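When reading the values below, keep in mind they use all heavy atoms of this one structure, side chains included, and skip hydrogens, waters and symmetry mates. Worth saying up front: this structure is predicted, and the values here are computed from it rather than measured. By convention in this document, chain letters (A, B, ...) are assigned in the order of the sequence lines, proteins followed by strands, and residues within each chain are numbered from 1.
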There are 2 protein chains.
Amino acid sequence: MEKVKSIKEIARLAGVSTATVSRVINQNGRFSKETEERVRRIIRQTEYVPNMSAKGLRTNRTRVVGLVVPDITNPHFSSLVLKLEMNFFEHGYSCLICNTNESEKLERKHIHTLSAQNVSGIVLISGTRNYSELDDVPVIYVDRPSRSQNSSGVMIESDNEEGGYLATQELLNAGCRHLVILKCLSSDTNQFSRYRGFQRALAEHGIEEDPHLYVDLPEVSSEKARNAITWLLEQNFHFDGIMCTTDTIAAGALIALREHGLSVPEDVLVTGFDDSQLAISCGPGITSVHQDVSKMAQLATGLLLEMICGKMPKQTYYQLPVYLEVRASTRR
Amino acid sequence: MEKVKSIKEIARLAGVSTATVSRVINQNGRFSKETEERVRRIIRQTEYVPNMSAKGLRTNRTRVVGLVVPDITNPHFSSLVLKLEMNFFEHGYSCLICNTNESEKLERKHIHTLSAQNVSGIVLISGTRNYSELDDVPVIYVDRPSRSQNSSGVMIESDNEEGGYLATQELLNAGCRHLVILKCLSSDTNQFSRYRGFQRALAEHGIEEDPHLYVDLPEVSSEKARNAITWLLEQNFHFDGIMCTTDTIAAGALIALREHGLSVPEDVLVTGFDDSQLAISCGPGITSVHQDVSKMAQLATGLLLEMICGKMPKQTYYQLPVYLEVRASTRR
DNA sequence: TTGAAAGCGCTAACAG
DNA sequence: CTGTTAGCGCTTTCAA
């Protein structure tokens with residue numbers, strides 16, 4: 001049987017009206033058992049696939065959501081995206097993926113495109129959130145708190161401050177007294193939250209922060225991290241622990257240490273953040289702050305679907321707990 | 001100025017017909033300089049965003065492509081997807097991301113959905129390729145050769161056999177004589193190609209393959225790899241090198257070796273495949289086969305866009321060269 | 001250079 | 001329970 005592209009042909013073949021076919025497909029309205037049977041059979045035989053453009057035009061609901069992330073290459077984001085995509089697909093939604101590469105300009109363009117695509121909703125990982133295009137699209141903000149005032153929409157994030165605190169605690173409890181903080185100088189505010197956790201732990205232990213051991217990387221990259229640690233070592237700055245705000249950064253730090261003949265955890269202790277594949281497989285295994293990505297994805301999916309159906313959730317801010325996954329890099 | 005959602009309102013505001021507005025937007029047909037100017041101004045002021053559903057319905061071209069990958073969490077795929085997405089976006093195309101999780105059923109559903117979404121084209125990483133839904137959609141097959149007969153569409157892959165050969169060569173040249181081959185038993189045929197390269201290198205050196213040292217993992221996971229190596233060690237099988245068909249697998253192998261007090265590369269040499277972040281940051285640094293992902297993405301994008309425009313490329317098969325990135329894991 | 005109008009495939013009143 | 005019909009926003013003849 002030849003292929004068929006419209007509901008009209010199905011209607012003709014089944015000897016009913018297009019309205020009936022539509023009803024059967026969408027389980028709307030009532031129809032006799034036998035009509036349904038007949039229509040379904042024709043649909044199966046003709047391998048008919050409904051046209052989503054037409055449906056989207058008519059109903060203004062596309063069953064497509066946008067996923068805006070900084071960089072899918074980052075393991076933390078890729079596992080988040082994987083879970084989001086699978087959850088959404090289970091509920092009949094497809095996902096447009098948008099990498100902003102941390103560029104505001106690119107992000108703006110993506111938002112614009114998503115709005116043109118008439119997406120049903122958006123999951124947005126971004127520090128910015130004053131896009132007028134998004135006024136009438138449900139949005140879930142994930143992972144990065146907003147820097148702007150307008151706070152409509154739902155926000156989900158990990159307790160980054162606590163994560164920074166836990167990691168630093170671990171280092172201090174193991175006896176470290178001269179801690180490097182290796183973070184990224186980005187607009188991304190949760191880098192800063194992790195740093196605040198670092199400071200809190202230091203303060204509790206009555207330890208002064210050493211400004212020489214505070215390093216801001218221009219970007220999250222193991223190469224930059226490696227260079228930074230190399231530089232510190234060559235300047236003969238003394239330190240016995242490194243708190244990294246990311247596993248990628250921690251991995252770079254490990255390389256530099258190894259290259260300079262230093263052992264982890266014998267000479268220097270290291271902590272990462274995200275508990276990614278990298279933390280598991282790197283060097284001796286990196287102690288890392290675990291974020292509950294599954295929970296994040298599950299919450300985001302559930303809430304966004306609710307919002308798409310018109311229900312505004314009562315709770316609009318979620319902070320997910322974190323815990324420390326201890327590995328060899330801090331085990332003396 | 002209030003928001004505007006249709007070309008009709010733009011037309012009214014500009015005092016022209018909808019046809020003219022459409023022409024201006026698409027740079028179609030002719031119109032006076034001043035009409036254009038006026039229309040453009042209105043569009044800017046009203047922040048008008050064209051409705052892609054309507055456009056898609058009318059033209060049958062959605063400017064959306066589907067990216068079907070096994071698992072975006074795999075660094076090799078995530079960097080491929082990143083590059084594909086950015087290339088396509090530069091050309092005005094958005095990307096639907098579909099994780100098949102290596103499940104044929106899920107893959108089939110995704111293909112079906114993509115077809116319903118009326119995508120302009122598809123980049124498909126899959127061993128299967130007999131989907132009747134895809135008969136009239138341009139498709140680029142990437143990374144995994146087809147197992148089926150029907151070979152319409154364009155195929156791009158790395159020279160996996162050569163990669164396996166190079167890695168094995170490296171181990172043999174370093175003096176290894178008892179090689180473990182740690183691969184994944186998947187439908188994915190390039191795992192097998194890498195293994196064939198392994199066999200070729202062995203044959204050239206006149207070395208017999210040891211069946212005890214042939215390991216098929218049920219899935220690509222560092223955990224499974226770790227268990228496998230642990231098991232080999234506990235069975236007291238002797239080996240001095242491990243050829244892994246994936247960096248993830250190599251990372252797992254390293255963990256097992258470390259746990260048993262074995263040093264890399266002093267006691268055992270290890271090679272990976274993909275030259276991912278993991279290879280760079282893991283253990284001592286893993287020697288790994290580098291695939292030219294950028295080139296792959298660039299080719300795929302270019303060819304698919306051509307096909308979308310109706311040109312069938314003359315060359316329908318591309319094999320990309322690989323090279324060995326040597327790191328500490330094989331440096332004695 | 002511009003406008004009028006048909007129609008892409010679908011859904012949702014409304015009428016029967 | 002089912003059919004008729006209007007129209008979503010856009011492009012594209014055809015005519016002016």
Side-chain angles (χ1 to χ4, degrees), chain A residues 3-40 42-43 46-64 92 113 115-120 133 136 310, chain B residues 3-40 42-43 46-64 92 112-113 115-120 133 136:
Chain A
K3 274 199 209 174
V4 139
K5 56 181 193 346
S6 101
I7 218 174
K8 212 150 93 190
E9 305 198 38
I10 300 288
R12 187 172 51 74
L13 259 40
V16 296
S17 74
T18 61
T20 302
V21 177
S22 171
R23 286 189 193 105
V24 169
I25 291 177
N26 300 295
Q27 297 290 329
N28 263 344
R30 255 161 295 289
F31 35 76
S32 71
K33 205 66 202 145
E34 48 183 328
T35 317
E36 172 171 17
E37 189 46 54
R38 190 148 30 94
V39 171
R40 287 216 174 289
I42 303 281
I43 289 182
T46 56
E47 299 185 12
Y48 164 73
V49 176
N51 181 324
M52 289 308 185
S53 298
K55 194 174 224 164
L57 173 59
R58 185 55 228 249
T59 61
N60 239 333
R61 291 176 299 122
T62 51
R63 299 209 139 232
V64 172
T113 306
S115 149
Q117 297 280 9
N118 240 310
V119 291
S120 299
E133 285 101 327
D136 24 48
Chain B
K3 273 200 211 175
V4 140
K5 59 184 189 347
S6 101
I7 218 176
K8 210 149 96 191
E9 304 197 40
I10 301 287
R12 188 173 49 74
L13 259 41
V16 296
S17 74
T18 61
T20 301
V21 177
S22 171
R23 287 190 192 106
V24 168
I25 290 177
N26 300 294
Q27 296 291 326
N28 263 345
R30 254 162 295 289
F31 34 75
S32 71
K33 205 68 203 143
E34 50 184 327
T35 316
E36 172 169 17
E37 188 47 54
R38 190 147 31 94
V39 172
R40 287 215 174 290
I42 304 281
I43 289 182
T46 55
E47 298 185 12
Y48 164 72
V49 176
N51 181 324
M52 289 309 185
S53 297
K55 193 175 225 161
L57 173 58
R58 188 53 230 248
T59 62
N60 238 332
R61 292 176 298 121
T62 51
R63 298 210 141 232
V64 171
H112 192 261
T113 307
S115 149
Q117 296 281 5
N118 239 309
V119 291
S120 300
E133 286 101 328
D136 25 48

Residues in salt bridge (charged side-chain N to carboxylate O under 4.0 Å, His left out) contact with A:R61, at least two apart in sequence or another chain: none

Under the salt bridge (charged side-chain N to carboxylate O under 4.0 Å, His left out) test, residues paired with B:E47 that sit two or more places apart: none

Atom pair OG1/CD1 of B:T20 and B:I7 - distance to nearest 0.5 Å: 9.5 Å

Separation between CD1 of B:I25 and CD1 of B:I10, rounded to the nearest 0.5 Å: 7.0 Å

Partner set under side chain to side chain contact (heavy atoms under 4.5 Å, CB included) for B:N60, not counting sequence neighbours: B:N118

Non-neighbouring partners of B:K8 that pass side chain to side chain contact (heavy atoms under 4.5 Å, CB included), sequence neighbours left out: B:S6, B:T18

Sugar-phosphate or base contact per nucleotide [nucleotides 9-16 of chain D; S, B, -; heavy atom under 4.0 Å]: BBBBB---

DNA chain D contacts made by residues 31-38 of chain A, counting heavy atoms under 4.0 Å: A:F31, A:S32, A:T35

Intermediate values then yes/no, salt bridge (Lys or Arg N to Asp or Glu O under 4.0 Å), B:K33 and B:E36: CA-CA 5 Å; B:K33 205 68 203 143; B:E36 172 169 17; 3.4 Å; yes

Name of the residue among B:R38, B:E37, B:R40 meeting side-chain contact (heavy atoms from CB on, under 4.5 Å) with B:V24: B:R40

Whole-Å distance separating the CD atom of A:Q27 from the P atom of C:dA12: 14 Å

